[in-house]
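Data first, discussion second: the structure below is written as structure tokens.
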Amino acid sequence: MLKALARKSHTLERFLEGWSLFYENTVGRIGLFLLLFFALMAVCSYIPPLIDPMYHPMTGVDPEVFRSTPPSPTHWLGTDNIGRDLLSQLLTGARIAFLVGITAAFMSIVFGTLIGMIAGYAGKVLDSLLMRFADMIMVMPSLLVVLLLSSLFGQLNIWIIVLLISLFRWPGIARVIRAQTLSLKQRPFIDMARVAGASHLRIVFRHILPNVLPMALLYMTFRVTSAIIVEAALAFLGFGDPNTVSWGMMLQWVWKTGHMFQAPYWLLPPGICISLITLSFYMMGRAMEEVLDPRLRKEEQRI
Amino acid sequence: MTLRRLILRRSLEILVIFFLILSGLFFLFHLAPGDPVSRMVDPSMSPEDAELLVSQLGLDQPLWLRYLYYLKNFCTGDFGISFHYGRPVVEVIGERLPNTILLFTTSIILSALAGISWGKLVAWYKGKRVDTVVTITSLVCHTLFLPWIALLFIWVFAYKIGGFPLNGMISPELWSDPASGWFVKALDILHHMLLPLLTLSIIHVGEYLLIMRSSMLETLSEDYILTARAKGLSEKRIRNRHAGPNASLPVVTNVGLSLAFSINGGALTETVFTWPGIGRELIFAVSNNDYPLALASFLFISIVVLVANLVVDVLYAYLDPRIRY
């Protein structure tokens, strides 16, 4: 009991140490605050439809508006060409971005970590087979391959998009995790576990997984950015889920309805949001990288 | 290992990967729900023509024979007829491919050179204000949403300020005029290419600059730089001749690794600027359910990525003799 508590407090200590290093990092702090802002937006997205059904991002149409209007007291960011409120669409977009980014990134790190650990631990034929397969997926442009698949399977809904993105974004993680597994395998504690009679599954999941998890989490933040970008690009090209409002979708509407020269209030916000949310995850990732990799920290002190 | 053997080995690997992609696409197209015949034969064709095409493409054969037909057709350059253009797919691709290669390679080379030379300078002034400003700017540039920045550039440079064409690759009236020589035509293409090039490069420069900066910082702490300083070499010489070339190796690696991702951006840029390239053709074909064209465009894009990968690998081996173990 006491031992378990001590171990727990050790983990907590390590976490707190990492956290303070992260928070001292300006880039990480900016990223975190940006992210909190977007999280707030996502939470607020539930409010406008409650005030008045005409603020519903998808179906709510202002009966007095027949074309795109600039910002006004009733519509703080203006409306689109059929009278839907842009602010409420923008808020909902934050929710979709988080949903897509985090689930797709989580799934791709699950695939990547599993495949990387198996390849690194098993070695030999299985390793080279899995890695050649990873190479093949790595040279395929993820956006275009998802597009091609959508032509085969028809209209995509948001969950299929998430699944497809994660299916094509795991090889990078798998390579890193494989390299880590290879070096872990040489360490004495793995031999000891084997001598103690641990099965392969137990070694992989109890002894290797906890050691590669920080790296996997780091890669998850980078994958979030690429998942958000791929989803936004798909929606922008007209292959998004027609039942959701995402920022890419908003850009597609402004582009396709030919409002990009007349309605800067419509063109600017979604693009700024996509760019900033990817920036915030990217900044967090870079800061986390410095926390996890002491070599990068030293670089800051050196000069 | 000599350079030639390295090229040979990498080419073989690339051939294997391409064969896997080729086969993977075949099985996807033929085993996905729906009728493969209707995917490859234009619904508006006359029944006799359709029958001829079916037997030509081997679509009336069992699966394994169809696969052999497919491989044979690929080798002979026969990809069927595009539904939209009503012409052989290979002709359409042949017209689009050079445009993509022109835009794509120019932007990759320009942004790599700019990233390397600016990253080198920024690392030199580490901790100064210019370093902070440039680093943050590159971070922002790196995460800009490409289609949006493309729309923004069209809006600002082509619409508000003017002086740049809104879209396309050539001005038709200039090209139909027999009086205009090749130089005028080349200038016209360059004029149309500037905005797409700027869009595509701005995304990459940030990334390459950041990599160059951190790699340069690492190199500057090496012992041989200290030796160079002790020898009394000028700072400029140390930066450009001793540290720079070694530090630029990770940038080259990264160009290769991010090629597949860059071609996504290329396709988006082509679409927004209506640049008649192969990426735009793929997106267009997918929207119109023009399966033969979509399939072939994807295959050729894969070839572009793979060949570019090979070029980057060879360049790396050329720059870093240690690779040729």
Side-chain angles (χ1 to χ4, degrees), chain A residues 26-27 30 132-133 135-145 147-154 168 172 225-226 228-230 232-233 236-239 247-248 251-252 254-255 260-261 264 267-268 270-283 286 295-296 298-300 302-303, chain B residues 13-14 16-18 20-21 24-25 28-29 32-34 39 126-127 136 139-140 142-149 151-152 154-155 159-160 214 217-218 220-221 257 259-268 271-272 279 282-283 285-287 289-291 294-295 297-298 301-302 305-306 309:
Chain A
T26 326
V27 169
I30 297 174
R132 287 296 87 74
F133 187 54
D135 283 345
M136 178 184 113
I137 292 190
M138 223 155 159
V139 296
M140 292 208 242
S142 47
L143 172 67
L144 300 179
V145 88
L147 264 179
L148 193 69
L149 291 179
S150 83
S151 78
L152 287 179
F153 295 100
F168 285 96
T225 68
S226 74
I228 290 176
I229 290 178
V230 171
F236 174 76
L237 293 172
F239 297 92
W247 293 327
L251 281 177
Q252 198 227 351
V254 68
W255 182 44
M260 50 184 271
F261 297 146
L267 173 66
L268 296 179
I272 294 174
C273 283
I274 300 173
S275 305
L276 280 185
I277 200 169
T278 48
L279 180 67
S280 69
F281 274 108
Y282 191 77
M283 283 173 135
R286 278 180 72 99
R295 273 186 321 154
L296 290 173
K298 262 188 243 139
E299 178 228 292
E300 298 296 326
R302 197 160 50 210
I303 298 177
Chain B
E13 277 176 27
I14 277 171
V16 170
I17 290 180
F18 182 72
L20 287 177
I21 294 178
L25 282 181
L28 266 175
F29 264 69
R39 287 208 188 96
K126 185 182 160 56
I136 291 177
L139 262 175
V140 173
H142 177 49
T143 56
L144 282 174
F145 185 52
L146 197 141
W148 176 67
I149 206 75
L151 289 178
L152 217 57
I154 296 182
W155 179 49
Y159 182 76
K160 283 268 172 193
S214 59
L217 287 176
E218 209 162 293
L220 284 179
S221 68
L257 282 178
L259 269 175
F261 206 67
S262 313
I263 205 115
N264 283 338
L268 287 166
T271 307
V272 178
L282 171 61
I283 291 167
V286 169
S287 340
N289 289 327
D290 191 343
Y291 297 103
L295 183 65
S297 309
F298 188 81
I301 288 175
S302 313
V305 174
L306 287 171
N309 248 312

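A, B, ... follow the sequence lines: proteins, then strands. Residue 1 opens every chain.
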Next item on the list: Check whether Ile136(B) gets within reach of chain A through its side chain, its backbone, both or neither, counting any heavy atom under 4.5 Å.
Entry: neither

Next item on the list: Using non-hydrogen atoms and a 4.5 Å limit, figure out which bit of Leu268(A) sits close to chain B: side chain, backbone, both or neither.
Entry: both

Checklist line | N/O donor-acceptor pair under 3.5 Å between Ser142(A) side chain and Phe168(A) backbone | finding: no

Notebook entry, point to check: If you count heavy-atom pairs under 4.5 Å between each of Leu251(A), Ile30(A), Leu276(A), Val27(A) and chain B, which one has the most?
Noted result: Leu251(A)

Next item on the list: Side chain from CB out, backbone as N, CA, C, O: work out which of these in Leu146(B) comes under 4.5 Å of a heavy atom of chain A, or both, or neither.
Entry: neither

Checklist line | Minimum-distance pair of heavy atoms, taken over all atoms of Met138(A) and Gly172(A) | finding: CE-CA, 4.2 Å

Item checked: Part of Leu306(B) lying under 4.5 Å from any heavy atom of chain A -> side chain

Next item on the list: Could you tell me whether the side chain of Ile154(B) reaches within less than 4.5 Å of the side chain of Phe261(A), counting heavy atoms only?
Entry: yes

Item checked: Residue selection (most heavy-atom pairs with chain A, distance under 4.5 Å) from Pro147(B), Ala267(B), Ala294(B) -> Pro147(B)

Next item on the list: Name the member of Ile21(B), Ile263(B), Leu257(B) that forms the most heavy-atom pairs with chain A at distances under 4.5 Å.
Entry: Ile21(B)

Next item on the list: For chain B, find which of Leu143(A), Leu237(A), Thr225(A), Ile272(A) contributes the most heavy-atom pairs closer than 4.5 angstrom.
Entry: Leu143(A)

Notebook entry, point to check: Highest number of heavy-atom pairs under 4.5 Å with chain A: which of Leu152(B), Ile149(B), Val272(B), Leu139(B)?
Noted result: Leu139(B)

Margin query: Looking at every heavy atom in both Met260(A) and Leu151(B), which two are closest together, and how far apart are they?
Written below: SD-CD2, 3.4 Å

Notebook entry, point to check: Out of Ser297(B), Ser287(B), Gly279(B), Ala285(B), which one racks up the most heavy-atom pairs below 4.5 Å with chain A?
Noted result: Ser287(B)

Notebook entry, point to check: Under 30°, 30 to 60°, or over 60°: which ring-plane class applies to His142(B) and Tyr282(A), parallel, tilted or perpendicular?
Noted result: perpendicular

Item checked: chain A contacts, top residue of Asn289(B), Thr271(B), Asn309(B) (heavy-atom pairs, under 4.5 Å) -> Thr271(B)

Margin query: Between Ile283(B) and chain A, with a heavy-atom cut-off of 4.5 Å, which part of the residue counts as in contact: side chain, backbone, both or neither?
Written below: both

Note to self: For a quick test of reading the model, state the closest non-hydrogen atom pair linking Phe145(B) to Ser275(A) and the distance between them.
What the structure shows: N-OG, 3.1 Å

Check: Given that the side chain runs from C-beta out, which part of Tyr291(B) has a heavy atom under 4.5 Å from chain A: side chain, backbone, both or neither?
Finding: side chain

Next item on the list: For residues Gln252(A) and Gly238(A), report the shortest heavy-atom separation together with the two atoms involved.
Entry: NE2-CA, 3.5 Å

Check: Under a 4.5 Å cut-off applied to non-hydrogen side-chain atoms, are Phe239(A) and Leu147(A) in contact?
Finding: yes

Next item on the list: Decide yes or no for Ile301(B) and Pro141(A): does some side-chain heavy atom of the first lie under 4.5 Å from some side-chain heavy atom of the second?
Entry: yes

Checklist line | Pick from Val140(B), Val286(B), Ile17(B), Leu28(B) with the largest number of heavy-atom pairs that fall under 4.5 Å of chain A | finding: Val286(B)

Item checked: Residue part contacting chain B, namely of Ile228(A), when any heavy atom lies under 4.5 Å -> neither

Notebook entry, point to check: Between Trp148(B) and Leu267(A), is there a donor-acceptor pair closer than 3.5 Å when you use the side chain of the first and the backbone of the second?
Noted result: yes

